[in-house]
A.B. asks: 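Shown below is the structure under consideration.
Protein chains get the first letters and strands the later ones, always in sequence-line order, with residue 1 at the start of each. Quick caveat: nothing in here was measured; it's all calculated off a predicted structure.
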Protein chains: 2
Amino acid sequence: MTQPTSSKQKSEPTREALISSALHLFGRQGFDGTSTREISARAGANIAAIAYHFGGKDGLRLACGKAIAAQMTKVLQNGVKTPFASKDQAIRHLENTIEAMARFLLLGARAEDILSFMLREINEDGPVLDGIYQTMIEPKHRELCAAWGGATGTDPESEDTRLAVFSMIGQLLYFRIGKPVILRRMEWETIQRQDADRIVRLLKRNLHAALAAASEE
Amino acid sequence: MTQPTSSKQKSEPTREALISSALHLFGRQGFDGTSTREISARAGANIAAIAYHFGGKDGLRLACGKAIAAQMTKVLQNGVKTPFASKDQAIRHLENTIEAMARFLLLGARAEDILSFMLREINEDGPVLDGIYQTMIEPKHRELCAAWGGATGTDPESEDTRLAVFSMIGQLLYFRIGKPVILRRMEWETIQRQDADRIVRLLKRNLHAALAAASEE
DNA sequence: TCGACACAATCAAACGATTGATTTAATATA
DNA sequence: TATATTAAATCAATCGTTTGATTGTGTCGA
């Protein structure tokens with residue numbers, strides 16, 4: 001056994017390079033579609049380094065999940081206090097979250113690898129998803145539910161609210177998940193900044209419409 | 001060369017069994033994660049049958065795509081005439097489509113394999129997606145855009161309309177794509193009929209809200 | 001200051017197992 | 001018999017992993 005949680009020596013560069021390489025390749029080609037040789041070559045490391053640092057290919061996969069969770073919790077961290085002080089503040093938080101997530105998903109170059117990897121792991125429904133769900137998805141969803149409740153005057157943890165937040169996140173995520181389909185249909189080659197702006201505007205319009213509809217019930 | 005396009009003999013049972021088996025396994029484990037031995041064993045056929053009937057593993061993959069496209073176009077076929085005669089009729093068509101798709105995606109047992117396979121192929125963005133997109137995604141999306149235009153009085157093929165339809169489909173699809181996540185958060189074990197009803201109600205509410213918001217612009 | 005040793009890290013090479021594909025023979029149908 | 005299909009055996013290639021040797025670095029007693 002090796003692998004202390006923190007860095008004792010200069011093994012970090014290799015570790016990080018392997019994780020970065022694996023994240024990229026797993027996301028693009030899938031776990032089974034990526035060979036350990038490919039990963040180590042891209043990382044500029046030796047094949048044996050995977051077994052040495054992570055115990056094997058599966059260990060590297062888990063490490064990728066942990067790395068994502070660690071990074072995203074840092075990104076998603078915003079000193080937000082629930083419950084929200086006012087209705088306007090709750091709405092503004094929802095708007096800001098949509099905008100930030102949309103830009104990250106649609107324009108961020110780094111997001112490509114992370115998202116592809118996560119989507120595969122969600123579909124797989126394995127131990128990697130467990131970690132990602134508990135450390136980032138669930139806390140973030142709870143936070144958004146609190147905002148939704150504050151914005152509509154409904155119970156933040158009611159089934160209806162939880163589903164409504166999923167529907168909001170869903171239309172947002174689909175613009176990234178269905179990217180190949182959307183690019184074809186929109187006759188775009190890539191998603192430019194102005195395209196992302198247009199999508200964000202649409203999402204905000206839908207948000208306000210959905211909030212109004214949810215408040216009336 | 002092998003590969004008879006039609007059935008001269010009783011080769012159909014083997015063909016269909018192989019496609020069904022491959023669809024199931026490709027969807028669950030991915031293309032690279034599934035071996036030809038596994039496919040043929042599940043189909044009750046010999047390994048060589050894959051090469052004989054489809055030319056190889058890749059050919060079987062393409063055949064799966066074609067089989068899906070063929071089946072779905074039959075399912076999605078509804079003698080709908082565009083442009084729609086009235087605004088109400090257009091709205092009703094959108095409602096019916098949402099309801100039918102949601103029930104198929106959330107409750108249909110057969111949908112599981114098909115959807116998982118398709119999602120992987122969308123992410124892969126290869127030749128299989130080409131076929132599926134042209135024969136079912138694009139025509140269906142055009143039809144929904146026509147309905148959306150009829151319901152809001154806007155241009156059916158404007159960028160805004162096309163994106164709005166995607167956002168509608170997106171929140172619908174996410175309830176299937178993000179199923180593992182949603183089940184965790186909702187503390188459900190599976191999606192029951194009553195759960196699907198609740199989701200459909202929410203989606204319809206969001207639809208009307210989005211239509212109203214789109215009409216005002 | 002020094003050689004001797006310990007230890008983490010990396011390397012090239014090779015391991016057995018499994019992959020998709022192919023070949024050859026047997027079987028069923030008409 | 002002629003043809004279409006299935007079955008068993010085998011192929012080279014690639015898979016993830018393991019091996020034994022080597023490197024660089026820090027720690028010791030003398």
A.B. asks: Atom OH of B:Y52 and atom P of C:dT27: how far apart are they, to the nearest Å?
C.D. replies: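 Whole-Å distance recorded here is 18 Å.
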
A.B. asks: Scan nucleotides 12-24 of chain C nucleotide by nucleotide, 5' to 3', and note B when protein non-hydrogen atoms come under 4.0 Å of the base, S if they reach only the sugar-phosphate, - if neither.
C.D. replies: B-B----BBBB--

A.B. asks: Holding to salt bridge (Lys or Arg N to Asp or Glu O under 4.0 Å), I want the full list of residues that pass it with A:D155, two or more places apart in sequence or in another chain.
C.D. replies: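 A:D155 satisfies salt bridge (Lys or Arg N to Asp or Glu O under 4.0 Å) with no residue once adjacent residues are dropped.
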
A.B. asks: Using distance alone, with no hydrogens and no angle criterion, decide if B:S40 and B:N46 have a side-chain donor and acceptor under 3.5 Å apart.
C.D. replies: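 The answer is no; no qualifying pair exists.
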
A.B. asks: Answer yes or no: does a side-chain N or O of A:H53 lie under 4.0 Å from OP1 or OP2 of C:dA8?
C.D. replies: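 No, A:H53 has no side-chain N/O under 4.0 Å of OP1/OP2 on C:dA8.
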
A.B. asks: I'd like to know if the side chain of B:K204 reaches the main chain of B:N96, judged simply by a donor and an acceptor atom lying under 3.5 Å from each other, with no hydrogens or angles considered.
C.D. replies: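 It does not hold such a pair.
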
A.B. asks: Got a sec, which pairs hit side chain to side chain donor-acceptor pair (under 3.5 Å) with one end in residues 136-146 of chain A, sequence neighbours left out?
C.D. replies: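 Every pair satisfying side chain to side chain donor-acceptor pair (under 3.5 Å) with a residue in residues 136-146 of chain A: A:H93-A:E143, A:E138-A:R142, A:K140-A:E143, A:H141-B:R185.
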
A.B. asks: State yes or no: are the ring centers of A:F31 and A:F26 separated by less than 6.0 Å?
C.D. replies: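 Centroid distance A:F31-A:F26: below 6.0 Å, so yes.
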
